[in-house]
Structure formats: C-alpha cells, structure tokens
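Each remark here refers to the structure printed beneath this line.
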Amino acid sequence: MVNITFPDKTKKSFENNPTGFDVAKSISEGFARNCVAMEIDAKPADLSSKIQHDANVRFITTNDSEALHILHHTAAHVMAQAILRLYKDAKLTIGPAIENGFYYDIDMESISEEDFSKIEVEMKKIVKARYPIKRRVVSKSEAQVLYKDEPYKLEMISELNGQEISFYDQGEFTDLCRGPHLPDTGFVKAFKLTKVSGAYWRADQNRQQLQRLYGTAFFSKKELDKYLNFLEEARKRDHRKLGSALDLFSFHDEAPGMPFFHARGMELWNELLTYWREEHCAAGYVETKTPIMLHKSLWERSGHWENYRENMYTTVVDDTEYAIKPMNCPGGMLLYGMRPHSYKELPIRAAEIGMVHRHELSGVLSGLFRVRAFHQDDAHIFMRPDQIQQEILGILQLVERIYSTFGLTFHLELSTRPDKSIGSDQQWEMATKGLRSALDEYGNDYKINEGDGAFYGPKIDVHIKDAIGRTWQCGTIQLDMSLPERFNLHYIGQDNERHRPIMIHRVIFGSIERFFGILVEHFAGKFPLWLAPVHAILLPINDELANYASELKVMMQKQGLRIELDDRSESLKKKIRDAQLNQIPLMLTIGEKERENGTLAIRTLDGTVKYGISHEEFFNRVHIHVRLRKPHLDIFSD
RNA sequence: GCCGGCGUAGCUCAGUCGGUAGAGCAGCUGAUUCGUAAUCAGCAGGUCAGCGGUUCAAUUCCGCUCGCCGGCUCCA
C-alpha cells in the first residue's frame with residue numbers, strides 16, 4: 001500500500017507498487033496520454049518507474065517546459081539508433097539535450113548535411129515503430145561487460161562512482177543514460193536535424209575528433225514549424241547581410257576580424273555615442289582616454305603579460321617591447337595613480353571609449369559579434385567601501401535608462417567567488433554583499449551563478465532580450481580586488497591614513513561593435529529615426545521638379561536633417577522601391593502639388609502616405625522624435 | 001587554432017564530366033517624365049580568391065595559403 005500526494009495536496013492510495021503510468025491512468029486516460037514523465041519527491045523519473053513508497057508525485061505533461069527537455073533527450077537516442085543502423089562502425093559518446101534541441105557526439109566517418117535526409121528517414125521509421133522505452137539498472141561490472149567494445153562508454157562508466165547505473169532500451173538500441181525518457185519513441189513526432197560539426201571527445205583538442213550532429217524536436221509539427229520560422233526570421237535579420245545591404249560596415253581580407261565602418265554606419269555609431277555621453281554626463285561620469293599601445297612593463301604589472309599574452313598584439317620599437325591594449329583598465333590605473341586622492345573626491349567615475357585589440361582564434365570570428373578590434377564603453381569607478389551599494393545601484397539605474405531607450409528589456413545575474421581566486425574571505429564577503437544589497441534595493445529578480453565570478457572579484461552581468469526573444473550578454477559590472485593592489489592605488493581617508501580604493505569596471509554596451517550588430521538585428525535594419533543613418537529622402541516625381549527638390553534638400557540640411565535626394569530619371573515607383581529597400585524611414589515625394597502649396601507628402605516604411613503636411617509640422621515632428629529618441633518609427637504617433 | 005562546407009562580375013547566382021565563362025540586379029549611355037515597392041533599349045563589366053603541381057591545354061583535377069560560413073560552452 002503506497003500513499004501518493006499530488007501537487008494540489010490531494011492524496012490517493014494504491015495497492016502494490018503502481019507505475020507512474022498506472023497512477024496517471026487512475027486520473028484519466030486522456031491525462032495519461034499527455035504525460036511524458038514524472039517527479040517522485042521532486043526527483044525526475046520515467047512513467048514506467050514503480051513507486052515504491054509513500055511519495056509526492058508530480059506528472060510532467062507535454063505542456064510543461066521540462067517535457068521538451070525530455071523529448072530532446074529521447075530524440076537524441078532516436079537519432080543515435082538511426083545512425084547505428086546506417087553506420088555500423090559508429091561509436092556513441094554523449095548525447096545531451098540542450099537549449100532548443102539536442103546533439104550527439106559520435107565517433108564515425110565524417111558526414112555532411114546531405115546525409116541528414118537518410119538519417120531522418122531512418123528516424124521516422126523508429127518513431128513510427130513506437131518502441132517502448134524501458135529503463136534497467138545494472139551493476140558497474142555488468143555495464144562494463146555490456147560495453148566491452150565501446151571505449152567511450154567504458155570511460156564514462158569508469159567515472160561513475162556510487163550512482164545507480166541505468167540503461168535505456170528501445171527496440172534493438174540500448175544506451176547508458178540517466179534519463180528520464182518518454183514512454184515510447186512515438187512521442188518524437190516533429191524533429192529535424194539542424195547541423196553537423198566536429199567536436200572533441202571531452203572537449204580536448206588532443207583527443208579523438210568526433211562528429212557532433214545537432215537536431216531539434218517538438219511535440220507537434222506546428223511547434224517545429226514555429227521554431228523553423230524563428231530561425232528564418234533570425235536569418236533575415238542577420239547583421240552581416242543587412243550591414244552590407246544598408247551600406248553600414250564591411251570586412252576586408254587585409255584586416256580579418258576588424259570592421260570598417262562606412263559613412264552610413266558612422267551616422268548610427270555617432271548617434272549611439274552622443275546619447276551614451278549625454279547619459280553618462282548626467283550620471284556624474286567624466287571621460288578619459290588612454291593610449292592604444294603601452295609598454296610591456298605595464299602589462300607585467302597588471303598581470304596581463306602572464307595571463308592574457310596569447311591574445312595580445314605586441315610589437316618591438318627601439319628594442320623595447322610594447323603591447324596593443326586588449327583592455328583599458330591598466331591605463332586607467334595609471335591615471336588614478338598619478339596623484340594622491342582624498343576620500344572626499346570619491347567616487348571617481350572615469351569613462352573611456354577605448355579601442356582594444358584581442359587576437360581571437362580565426363575560427364571564432366563572426367561579423368560584428370566576434371571581432372579582433374573593438375571599442376568598449378568602459379568606465380572605472382574608484383570608491384570607498386561604504387559607497388559600493390550606492391554606486392552599483394546607480395549603474396543599474398543607468399543600465400535601465402539606456403537599454404529602455406532601444407526598447408530592450410534585460411535581466412541580471414550575479415556571479416560569486418570561484419574556486420580559484422585572489423583576495424581574503426573578508427574582502428569577498430564585503431564585495432559580494434555590496435553587489436547583493438544593491439541588487440536587492442534595485443528590486444528586480446536576479447539569478448545567482450555560484451562560483452562564476454572572475455578570479456579578481458564578483459560581478460553582475462546584464463542580459464538583454466531583443467525583438468525576437470534572443471538574449472545577449474552585454475553589460476557587466478565587475479568588482480576588482482586585484483588591480484588597485486597591483487598598482488598600489490590609495491586614497492587618504494578622514495583618519496589621514498592611506499586606504500585601498502574599491503574599483504569596478506563596468507560596460508553597458510559592452511563592445512560597441514557587437515552592440516551595433518545587435519541593434520541591426522533587433523530593429524531588422526528599420527532603425528528608429530534618431531539612429532537612422534538617413535532620416536528622409538526626397539523623391540521628385542519628374543525631372544522638372546528636381547531643382548525644387550534640391551532647394552528643399554539644402555533647406556532641410558540646415559534644419560539638421562540627414563536628408564538625401566533621388567533625382568535619377570526613374571519612375572516614382574522605382575525610387576520608392578529603392579528607398580524602401582534601403583529602409584529610409586521617411587520618403588518625401590515631391591510633385592506639382594507640393595511645390596504649389598509648399599507642403600509635403602510623407603510616405604513611411606509601412607506604406608502609408610500623409611499628404612499636405614506643412615514644412616513646419618514636418619520639422620517639429622522629426623525634431624521631437626529625434627530629440628526624445630523615440631524607439632518607434634511613426635512620426636505621426638506620439 | 002581544430003573539424004566540415006564554401007570562394008565565378010559591385011550583389012545574388014548559373015556553368016564548364018579539362019578546350020580561358022553566362023543571367024538578373026546594380027553601374028554607364030540614350031530614350032521615357034512618370035503620384036506611392038522594379039519604364040525600355042544599348043554598352044561596359046571577370047588573372048573564375050591567391051600561389052604551386054599534373055596536362056598539349058586548368059576556372060574545372062591535385063597540393064598549399066588566405067578569407068568566409070556552421071560548429072568546437074551545454075556531459076551518461
């Protein structure tokens with residue numbers, strides 16, 4: 001007799017030891033059909049598991065988010081089964097569920113995406129067969145016998161100490177796995193293999209190169225299609241495509257990983273930084289600038305020479321070694337250290353738009369998202385210990401103001417002391433407490449990543465969410481207990497003694513190049529007016545009106561508009577189409593009526609046209625939109 | 001850096017089972033003068049990424065180099 005308690009506190013008693021499936025069916029047949037797994041006393045289990053003793057049981061149905069994770073894991077097994085059928089010599093390693101899908105690392109001949117369809121066909125057969133998925137527990141020695149020809153699995157088993165060792169069987173296939181899994185392979189209704197790449201066994205370059213096959217799966221075709229549409233939408237927004245289509249930036253073989261910004265890209269860039277400077281000025285920051293290239297001794301002192309040298313560009317001048325800065329902080333330390341400081345001056349908030357170079361591996365470069373030369377919107381804040389909470393709170397408020405201007409939402413994550421770290425327990429406690437209390441005072445929820453901090457201090461990371469729901473880590477606020485020590489920085493306290501200042505590094509955009517790329521994708525190239533490289537374009541409907549349009553252009557330039565004129569002998573339709581493809585927010589068609597009445601006809605990117613707008617109204621609306629940095633494009637809404 | 005894929009006109013792409021290339025768009029010239037997403041015609045445009053090898057002949061086959069794309073963090 002076992003007594004089962006459900007999440008809603010209702011109870012049910014069963015004779016013998018029922019399986020999860022028995023219990024689910026006792027609720028209703030329909031419910032049981034939707035169940036994929038369960039939790040017994042908060043531990044995940046298969047529906048086929050027997051409930052041995054009184055327990056709290058929660059069923060996981062296809063509506064629960066965990067169900068997808070289980071589905072992914074089962075789909076990985078289905079894929080592995082299909083591959084073993086098709087490639088006899090393949091040796092399985094690991095195959096976890098990941099965000100948005102799953103992968104399996106397999107030691108096998110190299111395959112390409114062209115091989116996907118035949119694997120998918122085999123997977124479909126396995127799904128259709130609806131093989132029941134059964135769990136069995138074996139001893140370590142039994143497992144070793146079972147896997148005598150599977151070197152990778154043997155290695156994994158040898159690392160399992162104390163845990164129960166379980167296998168999952170479906171048809172002729174069996175795999176070492178913790179589970180849980182779906183009741184049968186028939187649940188894997190909608191799946192797709194997405195990519196293949198190389199990966200190393202145990203992520204170690206010196207070990208066997210494996211094939212990593214990625215896939216995704218859903219409980220219905222509809223959800224799969226939705227996900228594939230999302231990928232398609234992301235592809236359309238790709239900043240590398242839009243960057244060249246909209247003439248914003250480019251890359252050249254002569255400087256791999258180092259972007260060139262075009263005139264139009266620079267309009268956006270400069271707007272971004274003008275805004276950034278306004279906000280920082282208002283928040284009490286000063287701006288500094290330090291050299292790009294500094295003497296080796298500085299990098300030895302900062303610790304970069306020892307820890308970061310592989311990523312640094314170096315050069316020898318007059319027999320002396322220099323390094324191009326990969327970070328701005330050591331230069332910032334020199335500025336602080338050049339004269340004594342009083343406790344009354346603190347906090348000092350020294351911002352720096354610093355250009356840094358980092359020699360990233362060639363294979364990781366990716367558009368503006370991963371580059372070798374970029375600018376950080378850095379700031380180094382020097383303060384007294386009693387100012388930590390207030391300063392962090394101030395940064396969080398600044399972060400919120402800036403991101404919201406772009407219509408970006410964000411969440412915060414706190415990373416605490418890692419195993420390998422410098423500084424005393426007391427310092428860490430004070431620093432972490434400072435961050436934590438600032439976060440608490442700020443009020444929004446935050447996630448804690450235990451042990452994920454930098455070796456020199458705890459940090460808060462800011463993750464933004466873009467228009468199609470993707471998240472990006474941009475901002476970071478890091479307490480640094482190392483550099484002030486290394487550079488022997490101090491301030492004179494009220495007690496007339498020397499004290500070590502607390503230092504934080506923080507960025508909000510992070511890499512300006514990367515943030516630029518994120519904005520391109522976030523807005524899909526349709527920038528709000530204040531950021532748009534070109535505000536408006538004049539489109540005379542015939543050549544005779546070109547002169548008048550040209551006068552308007554000069555007049556509008558004087559009003560501070562970024563204005564262009566399309567006076568080609570093309571049809572109006574053609575000019576509109578081209579302006580539309582260039583994502584120019586405002587198209588001003590100039591015809592006879594506009595000249596006679598001195599008004600404007602304004603077409604916006606959504607295709608709507610407003611006639612008879614006075615010049616005055618047009619300028620007012622544009623100026624208000626630009627000045628208030630409205631995040632939407634429609635100048636006729638407020 | 002490693003694995004796999006790719007590199008043909010400014011862009012998107014076709015093509016050559018080895019006999020030195022073709023379309024659309026963009027550009028230029030001319031005609032057209034147009035009221036809200038492509039007017040028409042003509043012209044021009046290429047060391048087929050670079051270097052080397054095989055061959056009577058290489059853009060094509062082979063090797064190397066460079067660059068780009070997808071991965072290389074997710075742990076049975």
Side-chain angles (χ1 to χ4, degrees), chain A residues 69 72-73 76-77 80 92-105 109-115 143 147 150 152-160 163-168 175-179 181 194-214 235 238 240-241 244-245 247 250-257 310 359-367 539-546 567-582 587-594 601-611:
Chain A
H69 197 259
H72 288 155
H73 205 166
H77 279 208
L92 302 182
T93 72
I94 59 166
I98 55 174
E99 202 185 340
N100 296 325
F102 59 89
Y103 69 78
Y104 216 120
D105 280 350
E109 65 188 79
S110 66
I111 60 169
S112 72
E113 298 195 3
E114 283 155 30
D115 302 306
Y147 269 154
E150 297 286 333
Y152 303 100
K153 296 290 187 183
L154 278 179
E155 188 178 326
M156 284 184 264
I157 291 167
S158 73
E159 287 163 11
L160 295 175
Q163 303 105 300
E164 196 175 62
I165 296 180
S166 56
F167 278 76
Y168 278 81
D175 198 6
L176 173 74
C177 187
R178 183 171 43 202
H181 277 281
T194 49
K195 51 202 169 197
V196 58
S197 77
Y200 299 100
W201 173 234
R202 299 296 194 197
D204 181 348
Q205 271 199 30
N206 302 312
R207 305 198 66 180
Q208 184 63 38
Q209 173 86 39
L210 310 168
Q211 297 290 309
R212 175 171 293 183
L213 279 94
Y214 287 87
R235 199 187 57 76
D238 191 322
R240 292 167 300 193
K241 281 252 171 231
S244 42
D247 196 16
S250 56
F251 287 91
H252 301 266
D253 290 358
E254 288 78 358
E310 282 168 23
H359 186 78
E360 302 287 353
L361 293 177
S362 60
V364 305
L365 301 178
S366 176
L539 309 175
I541 67 172
N542 63 43
D543 289 353
E544 219 159 302
L545 289 152
D567 56 2
R568 295 174 302 167
S569 297
E570 292 285 355
S571 67
L572 181 63
K573 277 176 189 289
K574 170 71 170 168
K575 294 181 187 183
I576 285 173
R577 181 182 147 85
D578 286 347
Q580 195 88 28
L581 292 175
N582 280 314
M587 287 163 241
L588 310 174
T589 49
I590 304 301
E592 212 41 70
K593 277 184 214 146
E594 283 68 38
I602 303 170
R603 181 190 160 107
T604 43
L605 280 177
D606 58 7
T608 61
V609 188
K610 288 215 162 48
Y611 296 93

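Quick note on labels: first sequence line is chain A, next is B, and so on, each numbered from 1.
- Residue A/Y611 comes nearest to A/A601 through the heavy atom pair CD2-CB, 3.7 Å, listed as atom of the first residue, atom of the second, then distance.
- Rounded to the nearest Å, the gap between the P atom of B/G1 and that of B/C64 is 15 Å.
- Within the 4.5 Å cutoff, the side chain of A/Y103 has heavy atoms near those of the A/I94 side chain.
- In this structure, the side chains of A/Q208 and A/T93 stay at 4.5 Å or more apart for every pair of heavy atoms.
- No engagement by A/Y168 is indicated, since no non-hydrogen atom pair under 4.0 Å with the nucleic acid exists.
- For the pair A/R603 and A/P256, both in contact range of RNA chain B, the more 5′-proximal nearest nucleotide belongs to A/R603.
- No side-chain heavy atom of A/K610 sits under 4.5 Å from any side-chain heavy atom of A/T604.
- Within the 4.0 angstrom heavy-atom criterion, base atoms lie near A/E594.
- A/D247 is linked by a salt bridge (charged side-chain N to carboxylate O under 4.0 Å, His left out) to nothing, counting only residues two or more places apart in sequence or in another chain.
- Contact annotation: side chain of A/T589 to base of B/U36, donor-acceptor pair present below 3.5 Å.
- Applying the salt bridge (charged side-chain N to carboxylate O under 4.0 Å, His left out) rule to A/E159 yields the partners A/R202; only residues at least two apart in sequence or on another chain are considered.
- Here the separation of B/A57 from B/G45, taken at their P atoms, is 29 Å to the nearest Å.
- Of the P atoms belonging to B/A26 and B/A38, the separation is 12 Å, rounded to the nearest Å.
- Taking atom P on both nucleotides, B/A9 is separated from B/G15 by 15 Å, rounded to a whole Å.
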Taking N or O atoms only and anything under 3.5 Å, show me the protein contacts with nucleotides 70-73 of chain B, one pair per line.
{"from": "B/G70", "atom 1": "OP1", "to": "A/R240", "atom 2": "NH1", "distance (Å)": "3.2"}
{"from": "B/G70", "atom 1": "OP1", "to": "A/R240", "atom 2": "NH2", "distance (Å)": "2.8"}
{"from": "B/G70", "atom 1": "OP2", "to": "A/R240", "atom 2": "NH1", "distance (Å)": "3.2"}
{"from": "B/G71", "atom 1": "OP1", "to": "A/K195", "atom 2": "NZ", "distance (Å)": "3.2"}
{"from": "B/G71", "atom 1": "O3'", "to": "A/Y214", "atom 2": "OH", "distance (Å)": "2.9"}
{"from": "B/G71", "atom 1": "O2'", "to": "A/S197", "atom 2": "OG", "distance (Å)": "2.2"}
{"from": "B/G71", "atom 1": "O2'", "to": "A/Y214", "atom 2": "OH", "distance (Å)": "3.4"}
{"from": "B/G71", "atom 1": "O6", "to": "A/G363", "atom 2": "O", "distance (Å)": "3.3"}
{"from": "B/C72", "atom 1": "OP1", "to": "A/Y214", "atom 2": "OH", "distance (Å)": "3.4"}

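- A straight line from CZ of A/F251 to P of B/C66 spans 19 Å, rounded to a whole angstrom.
- With sequence neighbours left out, A/K575 forms a salt bridge (charged side-chain N to carboxylate O under 4.0 Å, His left out) with no residue at all.
- Proximity of a side-chain donor or acceptor of A/N542 to a complementary backbone N or O of A/L545 within less than 3.5 Å is detected.
- Comparing B/U47 with B/U59, their P atoms sit 12 Å apart, to the nearest whole Å.
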Dot-bracket for RNA chain B, 5' to 3', counting Watson-Crick or G-U wobble pairs under 3.5 Å, with [ ] for crossing pairs and | for inter-strand pairs? (((((((..((((.....[..)))).(((((.......))))).....(((((..]....))))))))))))....
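- B/C40 and B/U8 have their P atoms separated by 29 Å, given to the nearest Å.
- Comparing the same atom, C1', in B/G70 and in B/C34 gives a spacing of 47 Å after rounding to whole Å.
- Going from the C1' atom of B/A44 to that of B/G30 covers 14 Å, rounded to whole Å.
- Taken from CG in A/L605 to CZ in A/R603, the straight-line distance is 8.5 Å, to the nearest 0.5 Å.
- Residue-level contact check: A/A601 touches the bases, meaning some heavy atom is under 4.0 Å from a base atom.
- Map A/C177 and A/E360 each onto its nearest nucleotide of RNA chain B; the residue landing nearer the 5' end is A/E360.
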If you restrict it to nitrogen or oxygen atoms, what contacts under 3.5 Å exist between nucleotides 24-31 of chain B and the protein, and what is each distance?
{"from": "B/A26", "atom 1": "OP1", "to": "A/K574", "atom 2": "NZ", "distance (Å)": "2.4"}

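- Ring geometry for A/H77 versus A/H181: interplanar angle of 30 to 60°, hence tilted.
- Between A/L92 and A/Y152 the shortest heavy-atom distance is O-CB, 3.7 Å.
- Using a distance-only test at 3.5 Å, with no hydrogens or angles considered, no donor-acceptor pair links the side chain of A/T589 to the main chain of A/L539.
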